Chemist: 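This is the structure I have questions about; it appears just below.
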Amino acid sequence: MSTLIFGLLTSLIVSFIATPYVMKLAIKVGAVDAPNQRKVHTRIMPRMGGLAIYLGYLVAFFLFVPYSSMGEMLGIFIGSTIVMIVGMLDDKYQLSPKWKLLGQLVATAIVVIPFGLKIGVVNLPYTGSIDFSSGWLFWLAIPITMFWIVGVTNAVNLIDGLDGLSAGVSAIATATMAIMALLMGDHKVAIYCFVLLGAILGFLYFNFHPARLFMGDTGSLFLGFNMAALSIMGFKEALFVSFIIPIVVLGVPLWDTFFAIVRRIVNKKPISSPDKGHLHHCLLNMGLSHRSTVLTIYSISIFFGMMAILLTKTTKWTTIIVMVALLIVTHLATEIVGLVSRRHRPLINAYRRLRLKQAEQQRRTQ
């Protein structure tokens, strides 16, 4: 346990000390974020703050992650370093989406192919298991794993729209995975999570509203890549529930990204087109303040994290019931905040029609 605490404190202190210097560096090299109609901030802000997170992580990684546990972790380190560099270049030069995607694919291919980080055995309820470790499924595991890592990386990137939002949600997800690793007795995943968590917290002090700098793609791509890779490394070969847990742990960015795609399809817009319909935009439009919006999304993330931990201790039937309830609640929340649109609210509209029908029946019987 002392290794976990020292790893967290080391990365936190290094990240905290490095952040002001990274802020000056970002301004010096012109890695700044100018306000526009899609963005909430109203003044030019330095970005590339994710470099401070990386530096805290870098120092603590080599000090506290045991060499005997390297393997896949070294692959994650190399891959996350590549996406961090891609993010730095984007913060400075505004890379085109295809170049950013290419960098993510290269980083993902490195951690998946030579270092072997892939989904393993998925035990399904009542129907047996799917073993991706041999035969033709071995080759299917590679594209599935790459799709997951690239998808989560971009999902975390998409929620980086308010001060402290992406960093805070990533910290909650990392803390959740650390707790679950400890419960499962997986010390190597736990130490990695503690190292990453400390680096995020050291930076978050400067990034929480009102922020003094943004993490930029340097930070959001780096954190997204780590979230995706950790979710596979920590839960790739356990019970059926482990197949669901990464989705629940990363509930907020995946929820926001999924309905962003649905929203753009419904509105007949390209999936890659930016808009102001993300979860944080919707909460702001409902009248919440900047800080209240971030804290609300933090609360949702904590709720998802608690559900993920709960699911590790439940039976299969309880897991199914909880997941169905989560899907209904999530969809209802989506309709309430207007995450797709104010017109497309099937559950709410069905409830209203039912109420109108009941009222009409009451009038007829009077």
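Just so you know, these numbers come straight off a predicted model, no measurement behind them. We number each residue from 1, following the sequence as shown.
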Chemist: Which residues pass the side chain to side chain contact (heavy atoms under 4.5 Å, CB included) test with A260, sequence neighbours left out?
Modeler: R263, R264, H278

Chemist: Determine the sole option in N157, T153, I82 for which the side chain to side chain contact (heavy atoms under 4.5 Å, CB included) test with Q104 is passed.
Modeler: T153

Chemist: Do L213 and Y205 sit in one hydrophobic cluster, given that two such residues count as connected whenever their side-chain heavy atoms are within less than 4.5 Å of each other, even indirectly?
Modeler: yes

Chemist: Identify, with sequence neighbours excluded, every residue that meets salt bridge (charged side-chain N to carboxylate O under 4.0 Å, His left out) alongside D217.
Modeler: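 D217 satisfies salt bridge (charged side-chain N to carboxylate O under 4.0 Å, His left out) with K100 once adjacent residues are dropped.
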
Chemist: May I have the step-by-step check of side-chain contact (heavy atoms from CB on, under 4.5 Å) for I76 and F61, ending in yes or no?
Modeler: CA-CA 11 Å; I76 298 175; F61 179 88; over 6 Å; no

Chemist: Examine distances only and state if a side-chain atom of H290 and a backbone atom of D163 form a donor-acceptor pair shorter than 3.5 Å.
Modeler: yes

Chemist: Is F62 reachable from I78 through a run of I, L, V, M, F, W or Y residues, each pair having side-chain heavy atoms under 4.5 Å apart?
Modeler: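 Shared cluster, yes.
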
Chemist: Could you tell me whether the side chain of L196 reaches within less than 4.5 Å of the side chain of M227, counting heavy atoms only?
Modeler: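 They are in side-chain contact.
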
Chemist: CG of L197 to CE of M177: how many Å apart, nearest 0.5 Å?
Modeler: 10.5 Å

Chemist: Do F222 and S80 come close enough that some side-chain heavy atom pair is under 4.5 Å?
Modeler: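 They are in side-chain contact.
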
Chemist: Evaluate the ring-ring contact (aromatic ring centres under 6.0 Å, His included) criterion for residues F214 and F203: first the C-alpha distance (whole Å), next the side-chain angles of each, then the deciding distance (0.1 Å), finally the verdict.
Modeler: CA-CA 10 Å; F214 297 153; F203 168 79; 9.6 Å; no

Chemist: Check whether L158 and V152 end up in the same hydrophobic cluster, where Ile, Leu, Val, Met, Phe, Trp and Tyr are linked by side-chain heavy atoms less than 4.5 Å apart.
Modeler: no

Chemist: Counting only N and O atoms by type, is there a donor-acceptor contact under 3.5 Å from the side chain of N207 to the main-chain atoms of R212?
Modeler: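 No, N207 side chain to R212 backbone: no donor-acceptor pair under 3.5 Å.
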
Chemist: Evaluate side-chain contact (heavy atoms from CB on, under 4.5 Å) for V65 paired with F77, printing each intermediate quantity in order.
Modeler: CA-CA 11 Å; V65 174; F77 170 80; over 6 Å; no

Chemist: Do I110 and F147 share a hydrophobic cluster (ILVMFWY, side-chain heavy atoms under 4.5 Å, transitive)?
Modeler: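 Shared cluster, no.
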
Chemist: Among L89, V86, V83, D91, which residue meets the side chain to side chain contact (heavy atoms under 4.5 Å, CB included) test with T218?
Modeler: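 Between T218 and the candidates, side chain to side chain contact (heavy atoms under 4.5 Å, CB included) is satisfied uniquely by D91.
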
Chemist: Run the side chain to side chain contact (heavy atoms under 4.5 Å, CB included) test against I328 and tell me which residues pass, sequence neighbours left out.
Modeler: V324

Chemist: Strictly by modelled atom types, are T81 and Y54 linked by a side-chain donor-acceptor pair under 3.5 Å?
Modeler: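 A pair is found: one side chain offers a donor N or O, the other an acceptor, under 3.5 Å apart.
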
Chemist: What do you reckon, is OH of Y298 surrounded by more than 12 foreign heavy atoms closer than 6.0 Å?
Modeler: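 Count over threshold, so yes.
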
Chemist: Looking at V252, I172, L288, I159, which hits side chain to side chain contact (heavy atoms under 4.5 Å, CB included) with I297?
Modeler: V252

Chemist: Evaluate F64 against F194 for ring-ring contact (aromatic ring centres under 6.0 Å, His included), listing each step before the verdict.
Modeler: CA-CA 10 Å; F64 295 99; F194 271 73; over 10 Å; no

Chemist: Keeping T10 on the side-chain end and G7 on the backbone end, is there a donor-acceptor pair under 3.5 Å?
Modeler: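 Absent.
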
Chemist: Under 4.5 Å between side-chain heavy atoms, hopping through other hydrophobics if needed: is there a path connecting L327 to M307?
Modeler: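 Each belongs to a different hydrophobic cluster.
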
